[in-house]
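Small disclaimer: the values here were computed from a predicted structure and weren't measured. Just the heavy atoms: all of them, side chains too, but no hydrogens, waters or symmetry mates, feed the values below. By convention here, the first residue in the shown sequence is residue 1.
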Amino acid sequence: MKLKRKSKVQETFSMASMTDVIFLLLIFFMVTSTLVVPSALKVTLPQSSQQASATPVTRITLDADQRYYISVGDSKDQEVIFEDLAEILASTIAQNPDMYVALYADESVPYKEVVRVLNIAVENNYKMVLATRPLKK
């Protein structure tokens, strides 16, 4: 006795679920890629042959017009004056003593301005990192 199936097997493949998955992946990567940029300020960093990896928690940005910006963690860059920089760094170091302070200085900034920020770090024993871009070969 031969039994018949009540439902027939379809020979076509439905792409509807596949397109949903691809669309969700596209949205995911678009959203996460906007979080990769640490700073929206346009600063041309000096080039260096040696690159070190550190995870800075606090970023100090010094642009070509010699304006200071600071951001702690993932917060947005806020413009500050140089006189307030030491106080802001002291409060952030008090919250996380193991953090690094990264200095993003434009390559056109006079060396004197970079040294002023480095002096704050030396006087208070902060771990300081200078941000550079890799050399082009």
Taking all heavy atoms of Y100 and all of V129, pick out the closest pair and write down the distance. CD2-CG2, 3.5 Å

Return yes when atom CD of E83 has more than 12 non-hydrogen atoms of other residues, nucleotides or ligands closer than 6.0 Å, and no otherwise. yes

Side-chain contact test, heavy atoms from C-beta onward, threshold under 4.5 Å: evaluate it for D77 versus I70 and give yes or no. no

Rounded distance [0.5 Å steps], CG in D63 versus OH in Y104: 15.0 Å

What one should report as the nearest heavy-atom pair of S71 and K76 is CB-O, 3.9 Å

State which residue, out of E107, E113, K112, fulfils the side-chain contact (heavy atoms from CB on, under 4.5 Å) condition with V109. E113

Any side-chain heavy atom of L85 within less than 4.5 Å of one from Y68? yes

Quick one, I60 and Y69 - any side-chain contact, counting heavy atoms below 4.5 Å? no

Take V101 and L89, measure what side chain to side chain contact (heavy atoms under 4.5 Å, CB included) needs, and give me the verdict at the end. CA-CA 8 Å; V101 178; L89 285 176; 4.1 Å; yes

dist L24:CG -> T19:OG1 (nearest 0.5 Å) comes out at 9.5 Å

Quick check against the 3.5 Å criterion: does D106 have a side-chain atom that pairs as donor or acceptor with the backbone of S108? yes

Locate the shortest heavy-atom distance separating V117 from F82; write the atom from each residue and the value. N-CE1, 4.3 Å

When clusters are formed by joining ILVMFWY residues with side-chain heavy atoms under 4.5 Å apart, either directly or through shared neighbours, do V21 and F29 land in the same one? yes

Would you give the length of the straight line joining atom OG1 of T61 to atom CD of Q78, rounded to the nearest 0.5 angstrom? 12.0 Å

Check: V80 main-chain N/O paired with D84 side-chain donor or acceptor under 3.5 Å: no

Here the pair of heavy atoms bringing A105 nearest to V114 is CB-CG2, 3.9 Å

Close side-chain approach of M99 to I93, heavy-atom, < 4.5 Å: yes

Could you tell me whether the side chain of L26 reaches within less than 4.5 Å of the side chain of I22, counting heavy atoms only? no

Closer than 3.5 angstrom, by distance alone: can the side chain of D65 be matched with the main-chain N or O of R67 as a donor-acceptor pair? no

